[in-house]
Amino acid sequence: MPTRLSNYFLRTLREDPSDAEVTSHRLLVRAGYIRRQAPGVFAWLPIGLRVKAKIETVVREEMTNAGAHEVHFPALLPREPYELSGRWDEYGDALFRLQDRKGSDMLLAPTHEEVFTLLVKDLYNSYKDLPLSIYQIQDKYRDEARPRAGLLRGREFTMKDAYSFDYTDAGLDESYQAQRDAYERIFTRLGLEYVIVKADAGAMGGSKSEEFLHPTPVGEDTFVRSAGGYAANVEAFTTIAPPARDWTNLTGAEVLDTPDTPTIQTLVDRANSAHPRPDGRAWTAADTLKNVVLTLMQPDGTRELVVIGLPGDREVDLKRVEVAFAPAEIEAANETDFARHPGLVKGYIGPWSAAGAVLGEKSATGIRYLVDPRVVDGTGWITGANEHGRHVFGLVAGRDFQADGTVEAAEVRFGDPAPDGSGPVELARGMEIGHVFQLGRKYAEALGLKVLDPNGKLVTVTMGSYGIGVTRILAIIAELNNDEKGLIWPPEVSPFDVHVIATGREQVVFDTAESVALAIEGTGRDVLYDDRPKVSPGVKFGDAELIGVPKIVIVGRGAADGIVEFWDRRTGEREQVPVAEIAARLG
RNA sequence: CGGGGCGUAGCUCAGCUUGGUAGAGCGCUCGGUUUGGGACCGAGAGGUCGCAGGUUCGAAUCCUGUCGCCCCGACCA
């Protein structure tokens, strides 16, 4: 039977909801697909559920094609597995934690690596059982600091998460590739533009990781790409270190007075006026070495000071720093930190002073000192002399100071060279719609998942994890497919295939509409039939446009003559069609 | 966590500056008319003005506190 609007649980709103800003959120609420329950938490109404199911169908079909089997875990889980993997602590405030009546800690899962691993451990113990790929479509919970943009960034969201289990690295590569291929098919079928970028494996652990980003200015990920085909999340971008230089002909370092120069700009100005370069070229920010003091807060509560040295024309990219020091949290050093290290003179910090090394694990302060990869041996810098109002000029890396290592902390800029030599990169914004990871043995090791290999040896299983944000995809599709009147669904995900409208008061209209709806349904299509009596045509047309089913059939004034109208929601074109031909006309 | 905005009927909002019996449009109910672009007439139902305290003869309105929501930023495997 067609779904009849007269008794469907659907209520459209005439006006935009006041708490919805972004288009997808606004339209999905207004057209009766979802309702907000709490910040970042939404209820799904029947028509919304249909769209969600359509997307899930595409995902399921491609998971099946990739050889993965569907399972379903609870969202509510005990603490223990997450304690064993370390994520109970590492996940921090983003984890929804709760206790049962006995006081046992539980959580609402942000992802399910641990329990999938334990399930396989329970049931499998031979290499003959592998490879294995299993997946679920489940709601995930993350207590985001600031949920926003409706479904695009919620605290509860539906995700397809798949996990692969292999006993060899080559097997993992194959399983990973199968999921990656499936993702390409899924996004292609859904008509979603995507870019595959190298990603940081982050706190998930593991090695190889790629993100599927949908390029959009409202995306919250920044990625870089080169004309030569390199693509990476900025968090995963690696800087090419220039070759080390010979310093034998460089003059010695010299401490000079530079009063009132606490910032790079004031320093460059003062250097040019008071201490011009011998070769006549002006000093620039790139000649200075900026030293930023940060505090690392480890999950176990330990606090460490670290100083990062980078060219003065580069800003620190906090996201990249976070990645570099994960899972530690980064904070700016506070007054207490400076008070504890009188050797650091705020505004004039450098790795060296007339008295010797100031930064580095073997220095007077013992503070770990990491530098940007561009700070190679033989490069000379203007940097703080650890005396108020004084800088050291011509301080040469490798000769005058030693760093404890390099760190990817500097911002990535337009024109920076791609690490694979494929040319300069440009920056763009994208929204993460999928993520594939080679987890390796982190979880299997922590939870003891081993199998006997062909030689009878116990080996730790290697895993992959693969996520797709189902509800986020739904929101992006809505974001991409609409006009000022409402939604316009792509056929593959539309809640219904055809929307039949009966408009008029004569019985023949409703009789005709009824038979047309049934006839169309008879061809295997889902039909939404607006059979509401006493609702004016304007309202029905408006609702149809808002709801966004791409194909609309209007049964009205031509009904008595056996004529109905086909209305293409996307183009707005209308066409008179004899009743007998309408089902065929729908293609 | 920092900055900004907003809490009044189911929805969207006015009223607050300058204190005096709670408003509009839409939606909803009943009766009637109307039916190809959000119709009309008549009669209705519906609100602890976010919450608490204070000032006052009297508070939606002024003061203090508090809670919540939205937006920007920070944060975001």
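By convention in this document, chain letters (A, B, ...) are assigned in the order of the sequence lines, proteins followed by strands, and residues within each chain are numbered from 1. These numbers were taken from a predicted model, which means no experiment stands behind them.
Atom CD in A/E220 sits about 13 Å away from atom C1' in B/rG73, given to the nearest Å. Residue A/I501 contributes atom CD1, which lies 14 Å from atom P of B/rG38 at whole-angstrom precision. To the nearest angstrom, C1' of B/rA77 lies 16 Å from CD1 of A/I468. Taking atom NZ of A/K534 as the reference point, atom P of B/rU33 lies 9 Å away to the nearest angstrom. The CD-P distance, from A/E144 to B/rA74, rounds to 14 Å in whole Å. Note: CG (A/D317) to P (B/rA74) measures 10 Å, nearest angstrom. Rounded to an integer number of Å, the gap from A/L45 CG to B/rG10 P is 19 Å. Atom pair A/D19:CG and B/rG50:P shows a separation of 17 Å (rounding to whole Å applied).
OP1 or OP2 of B/rC70 lies within a sub-4.0 Å distance of a side-chain N or O belonging to A/R36. Residue A/S18 has a polar side-chain atom (N or O) positioned under 4.0 Å from OP1 or OP2 of B/rU12. Taking only side-chain nitrogens and oxygens, A/R505 comes nearer than 4.0 Å to OP1 or OP2 of B/rU34. Proximity of A/R14 to the phosphate of B/rC11: no side-chain N or O atom is located under 4.0 Å from OP1 or OP2. Taking side-chain N and O atoms only, A/S536 has a distance below 4.0 Å to OP1 or OP2 of B/rA39.
Searching all strands for a Watson-Crick or G-U wobble partner of B/rU35 with both distances below 3.5 Å returns nothing. Across all strands shown, B/rU17 forms no Watson-Crick or G-U wobble pair with both key distances under 3.5 Å. Pairing for B/rG7 is with B/rC67, a Watson-Crick or G-U wobble pair whose two hydrogen-bonding atom distances lie under 3.5 Å. Pairing of B/rU48, defined by two Watson-Crick or G-U wobble distances under 3.5 Å, is not identified with any nucleotide. With both pairing distances under 3.5 Å, B/rA43 is matched to B/rU29 as a Watson-Crick or G-U wobble pair. Look at B/rG73: its Watson-Crick or wobble partner, with both distances under 3.5 angstrom, is B/rC1.
Ion pairing between A/D16 and A/R30 holds under the 4.0 Å rule for side-chain N and carboxylate O. Using a 4.0 Å cut-off between charged nitrogen and carboxylate oxygen, A/D372 and A/K290 do not count as a salt-bridge pair.
Using C1' as the reference atom, B/rA45 and B/rC63 are 37 Å apart when rounded to the nearest Å. One C1' atom belongs to B/rG46, the other to B/rA24, and the distance between them is 15 Å to the nearest Å. Atom name C1', nucleotides B/rU8 and B/rG68: the rounded distance is 15 Å, in whole Å. B/rU48 and B/rA9: their P atoms are spaced 9 Å apart (whole Å).
The CD1 atom of A/I137 lies 9.0 Å from the CD1 atom of A/I468; values are rounded to the nearest 0.5 Å. In this structure, CD on A/E193 lies 11.0 Å from CD1 on A/I476, to the nearest 0.5 angstrom. Atom CG of A/L487 sits about 10.0 Å away from atom CD of A/E479, to the nearest 0.5 Å. Atom CD of A/E113 and atom OG1 of A/T111 lie 3.5 Å apart (nearest 0.5 Å).
For the segment residues 556-570 of chain A, residues with any heavy atom less than 4.0 angstrom from an atom of RNA chain B are, sorted by number, A/G556, A/R557, A/E565, A/W567.
For B/rG25, the base has a donor-acceptor partner in the side chain of A/E15 [N/O atoms by modelled type, under 3.5 angstrom]. Scanning atom types as modelled, no donor and acceptor separated by under 3.5 angstrom connect the side chain of A/R87 and the base of B/rA77.
A/R155 comes within 4.0 angstrom of nothing in the nucleic acid, heavy atoms only. When heavy atoms are screened at a 4.0 angstrom cut-off, A/D543 is found touching base atoms of the nucleic acid. When heavy atoms are screened at a 4.0 angstrom cut-off, A/A502 is found touching no nucleic acid atom at all. Base engagement by A/E545 is indicated by at least one non-hydrogen atom pair under 4.0 Å involving a base atom.
Using a distance-only test at 3.5 Å, with no hydrogens or angles considered, a donor-acceptor pair links the side chain of A/D483 to the main chain of A/G486.
Two residues, A/R30 and A/M159, neighbour RNA chain B, and the one matched to the more 5' nucleotide by heavy-atom proximity is A/R30. Summary of the strand contacts: A/F541 and A/R148 both lie near RNA chain B, and taking for each the nucleotide with the nearest heavy atom, the more 5' one is attributed to A/F541.
A/F187 and A/F212 have their aromatic ring centers within a separation under 6.0 angstrom. Taking the six-membered ring where the residue is Trp, the centroids of A/F42 and A/H25 are separated by under 6.0 Å.
Using a 30° and 60° split on the angle between ring planes, A/F96 and A/Y141 fall in the perpendicular class, above 60°. In this structure, A/F496 and A/Y8 have perpendicular ring planes: the angle between them is above 60°, well past the 30° mark. The aromatic rings of A/W567 and A/F541 sit perpendicular, their planes meeting at an angle over 60°, well past the 30° parallel limit.
Closest to the A/V539 side chain, of the nucleotides B/rG38, B/rC70, B/rA77, is B/rG38. Set against B/rG38, B/rC70, B/rC75, the side chain of A/E21 has B/rC70 as its closest nucleotide.
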For nucleotides 1-6 of chain B, tabulate all protein N/O to nucleotide N/O atom pairs closer than 3.5 Å, reporting atom names and distance.
none

Polar atoms only, N or O, under 3.5 Å: list the protein pairs with nucleotides 42-47 of chain B and their distances.
none

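Under 3.5 Å, the side chains of A/E62 and A/Y183 contain no donor-acceptor pair of N or O atoms.
Note that A/K52 lies in the cation-pi zone of A/W44, set by a 6.0 Å cut-off to the ring centre and a 45° limit from the axis.
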